[in-house]
Amino acid sequence: SYMGKLLMIQPDDDARIERLKQRLGIERKVDVVRAGIELLAAHAEQQERAGRWRRAARAAAPTSREANAQFRSHSRLKRG
């Protein structure tokens, strides 16, 4: 049967994978590695999405400040 590509793992990392395999009740080491890759991919996607939101918020901030200032100057709800 085809085994795919070999991956050289340091003994300490192999032991960590084995401990996670037992703790999580996962049958194969490769499934532990795949789960880790999936978590990293999800984290990277979340970080990229947050970066896009930050850039969009920065780009919109001057327009938002201007719109808010105009709204406040014409508002009937005067404060102070």
Side-chain angles (χ1 to χ4, degrees):
S1 71
Y2 179 70
M3 293 294 291
K5 301 227 181 230
L6 291 176
L7 181 63
M8 298 301 292
I9 303 226
Q10 296 295 319
D12 288 349
D13 294 330
D14 185 59
R16 289 176 70 196
I17 291 169
E18 188 62 41
R19 284 193 303 273
L20 281 169
K21 185 179 127 188
Q22 291 170 0
R23 283 176 60 192
L24 299 172
I26 296 175
E27 216 170 289
R28 300 177 311 165
K29 288 181 183 181
V30 69
D31 293 324
V32 173
V33 174
R34 285 182 182 141
I37 291 169
E38 287 299 319
L39 283 172
L40 282 171
H43 179 72
E45 178 60 35
Q46 190 276 330
Q47 293 294 310
E48 290 167 359
R49 193 169 34 255
R52 288 193 299 269
W53 277 101
R54 278 192 298 277
R55 286 189 296 280
R58 273 197 302 271
T63 305
S64 293
R65 278 193 296 272
E66 182 181 320
N68 285 334
Q70 287 178 4
F71 176 78
R72 278 192 301 274
S73 69
H74 293 92
S75 175
R76 293 181 184 182
L77 302 172
K78 300 294 183 191
R79 293 189 181 155

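The shown structure was predicted, so the numbers you read here are calculated from the model rather than taken from an experiment.
Within 6.0 Å of atom CD in Glu27, 12 or fewer heavy atoms from other residues, nucleotides or ligands are found, so the atom counts as exposed in its surroundings. In the displayed structure, Gln47 atom CD is contacted under 6.0 Å by more than 12 heavy atoms of other residues, nucleotides or ligands.
Contact record, Glu18 with Lys29: OE1-CE, 2.8 Å, taken as the closest heavy-atom pair. Smallest separation of non-hydrogen atoms from Asp31 and Ile26: CB-CG2, 3.5 Å.
Hydrophobic cluster membership is shared by Leu7 and Leu20, with clusters built from Ile, Leu, Val, Met, Phe, Trp and Tyr side chains linked at under 4.5 angstrom.
Annotation: the span from His43 atom NE2 to Glu48 atom CD amounts to 10.5 Å, rounded to 0.5 Å. Rounding to the nearest 0.5 angstrom, the gap separating the CD atom in Glu38 from the CG atom in Leu40 is 9.5 Å. The line from CD1 of Ile17 to CD of Gln10 is 11.0 Å long, rounded to the nearest 0.5 Å.
The shortest side-chain heavy-atom distance between Arg16 and Val32 does not fall under the 4.5 Å cut-off.
Salt bridge Glu45/Arg52: present, at least one basic N to carboxylate O contact under 4.0 Å.
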